[in-house]
Amino acid sequence: MWRESASFILDKHQNNKPISLTHSIDSPPPPSASMADENPNPNPISAYYQTRAAHHGIVTSEWLEQAQAAVRRYPDRDSLVSGRPFSVIEDFNSWRQQPDLAEAVAAIRALAAVIRASEATTMMELEIELKKASDTLKSWDTTSISLTAGCDLFMRYVTRTSALEFEDFNSAKSRVLERAEKFGEISCKARTIIAMLSQDFIFDGCTILVHGFSRVVFEILKTSAQNKKLFRVLCTEGRPDKTGVLLANELAKLDIPVKLLIDSAVAYSMDEVDMVFVGADGVVESGGIINMMGTYQIALVAQSMNKPVYVAAESYKFARLYPLDQKDLEPALRPIDFSVPVPPKVEVERSARDYTPPQYLTLLFTDLGVLTPSVVSDELIQLYL
Amino acid sequence: MLQAFQEVVKDYSTPPENTLNRDMTAQISSYVSFLIECRPLSISMGNAIRFVKNRIAKLPITLSESEAKASLHSDIERFINEKIIGADTVIVEHAVTKIRDGDVLLTYGSSTVIEMILVHAHELGKKFRVFVVDSRPKLQGKLLLRRLIKRGINCTYTHITAISYIMHQVTKVFLGASSVFSNGTVYSRVGTACVAMVANAFRVPVLVCCEAYKFHEKVQLDYSICSNELGDPNAISKVHGREDINYLNGLTNNAKLKFLNLMYDATPSDYISMIITDYGMVPPTSVPVIVREYQKEHLLQSSKIVI
């Protein structure tokens, strides 16, 4: 399963040349006999989803070695930040190797490192450097909403300090660095805060429906189990990522009773569900969320049966997007593996995510507190004013 | 109106025993009552007047008269440039991102912001067509139609009675507003609410474009009679240019018949998908946030300003 594992680090988007590390990258697009749903296609595949898929696996030490070898083998790819000894992409990738770290948090840490390593002598120069680094990171994967949102929010948070009016550049810089580290820490700790806040909502004997493998939701369930709460989890299969199976494995290890459903069985099982928990790839300005394909369906069914839908999202995922309908998003495609060969004339809907409007969501659990969807815009307006 | 006030400021000279602040405020108030007699103030005019009075009140006493006048003049100039003209530019930028190739847009009446958006989108080369919906008695849509045709935009003109017939073809509805209230209700030309409701029934997104200075913190629960403006009753009893439609001719003075020519109506926030302002694209639930931020910015430490 991991024969092509290290390939996700290679920046296919930037270079657009087929960098082949192992044999499997050049293998033809699906179907193939194995469950190679991480098989990169010649068509642009959202690197974000590749990363998530890769993270779901087990990180062995030999995989890590492969990864590092990959980074070392192609050093010139990082000279986008024109020949400086410090490269933000390199730093970003090194942070990203930890599977527990969210992509946006890795970006935030990398940007903080940019400030630390910066040789700028004026505030303006520092800001320009930061902006350039942030743009580089964003262009690495244009389909990842949390990455873009995280970078933008970081920029606003860091430059929004009156320290910038100080005469002494060094003190201003250290203040900016302080804020940057603080933002990084908040983002890192966001998951634990969210897990704590949501404990009140999980009562003994409840049944929770979960969709997609969100690390935040997993943290919530883990904390609940540690607090000796008795509850049951229904996991949707989550085709084509098979995330449901992975999540079910992890939950079973924690001795939480788990039941797997195929995606079509959600309405069938909704009667016995008490609440729905989902994560989010991004939270948009209307208060809706962008999440793995299938979330909208589940939210619709839940709302029609009066079941609350709770979204667990860190605050750095608040993005300045406002989709009007499903097609208003940047497309993020992923390969879908039907086990039978699909004839070439048949089109396949390969979008990896959908948009759930705010009226179907009950509450958002964020590190800023437990919020209603209309508060997202409030926060964004205040930050961007 | 603001430019008229600028002239007032320029021609003003303080009478001997009075201070500039108080006297000018009194003068402005008297001009405002004159304006009200001609026609009831719109909400955006009310906000602008509040701004001017606030600025006058905050003038430091130490300034000489010419300095004070110059400062007021430049303040008003800045308000016009930032909040009105500048805001329109920002709104246009945001709105054109929502127009895609192949879109069929619908607009009602004649709004300057909407015209700017459509023209700009056309200049950017986007392929779309426009339904211009119009209604009696003002028939303002005709003005918009003329200007759009001159730019070469593909348009269809129709009356408001036909909207349910055409709405299934429409992909987005763009509306202008006279004001937006705190609970997200949009106060606009009469007929807007109908258009928004029909669009909602056909699941077409409704985008309202409104500059932030037009927002007001009041809340109107009753959607038409609570506070509205009445127009000329003769405008509805007669059709301009068609003397043969004279069925109502003898009835204008009848005690039992009232001609109700309303100018404005209020669209509830449930029918609105998004509001585009110079603060960005916001959901209707965020209007009180903008009102709050706006007041913090412009009316800091404001004493009681009475209109």
Side-chain angles (χ1 to χ4, degrees), chain A residues 142 145 148-149 152-153 155-156 160 162 280 282-290 296 300 303-304 311 315 318-331 351 354-364 366 368-369 371-385, chain B residues 82 87 90-91 93-106 170-174 180 182-184 199-200 202-209 212 215 269-298 300:
Chain A
T142 48
I145 299 179
T148 317
D152 281 338
L153 283 172
M155 295 292 298
R156 295 293 313 185
R160 207 179 166 217
S162 53
V283 182
V284 295
E285 207 156 351
S286 58
I289 55 165
I290 298 184
Y296 185 28
L300 276 169
Q303 203 229 22
S304 70
V311 176
S315 63
F318 288 6
R320 290 216 89 185
L321 301 166
Y322 201 132
L324 288 173
D325 51 32
Q326 301 301 323
K327 307 288 187 291
D328 218 354
L329 310 164
E330 271 226 33
S351 180
D354 61 19
Y355 163 64
T356 308
Q359 55 258 40
Y360 303 110
L361 307 173
T362 321
L363 287 175
L364 295 173
T366 71
L368 302 169
L371 313 168
T372 58
S374 34
V375 175
V376 176
S377 183
D378 194 334
E379 292 291 326
L380 281 173
I381 290 176
Q382 286 189 4
L383 199 54
Y384 276 93
L385 204 56
Chain B
E82 277 178 25
V90 175
I91 293 178
E93 264 172 42
H94 283 298
V96 293
T97 59
K98 287 294 172 197
I99 301 182
R100 296 202 287 257
D101 279 342
D103 259 347
V104 178
L105 309 175
L106 184 138
V170 176
T171 55
K172 293 189 180 74
V173 175
F174 276 91
V180 181
S182 246
N183 57 353
N200 188 259
F202 281 80
R203 294 186 56 93
V204 175
V206 175
L207 290 76
V208 172
C209 304
F215 286 18
S269 61
D270 319 324
Y271 300 116
I272 298 165
S273 315
M274 103 165 49
I275 302 184
I276 309 182
T277 74
D278 39 325
Y279 285 84
M281 300 187 273
V282 294
T285 44
S286 293
V287 174
V289 177
I290 294 188
V291 170
R292 184 186 77 211
E293 298 297 326
Y294 191 84
Q295 289 188 333
K296 256 198 276 186
E297 232 182 279
H298 295 282
L300 306 163

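Computed from a prediction, not measured in an experiment: that's the story for all the values here. Chain letters run A, B, ... following the sequence lines, proteins first, then strands; residues in each count from 1.
Top candidate by heavy-atom pairs under 4.5 Å with chain A, chosen from B:Arg203, B:Lys98, B:Lys172, is B:Lys98.
Listed here is the closest heavy atom pair of B:Pro283 and A:Ser286: CG-CA, 4.0 Å. Taking each heavy atom of A:Tyr322 and B:Met281 in turn, the nearest pair found is CD1-O, 3.6 Å. Of all heavy-atom pairs between B:Glu293 and A:Gln382, the closest is OE2-CG, 3.7 Å. When all heavy atoms of A:Asp378 and B:Ser286 are compared, the closest pair comes out as N-OG, 4.2 Å.
Both the backbone and the side chain of A:Asp328 come within less than 4.5 Å of a heavy atom in chain B. The part of A:Pro323 that comes within reach of chain B is its backbone (N, CA, C, O), which places non-hydrogen atoms under 4.5 angstrom from that chain.
To the nearest 0.5 Å, atom CD1 of residue B:Ile290 and atom OG of residue A:Ser377 are 7.0 Å apart. Of the inter-residue distances, the one linking B:Thr171 atom OG1 with A:Leu324 atom CG reads 10.0 Å to the nearest 0.5 angstrom.
When only modelled atom types and interatomic distance are considered, B:Thr285 and A:Ser374 share no side-chain donor-acceptor pair under 3.5 Å.
Between B:Met274 and A:Glu285 the shortest side-chain heavy-atom distance does not fall below 4.5 Å.
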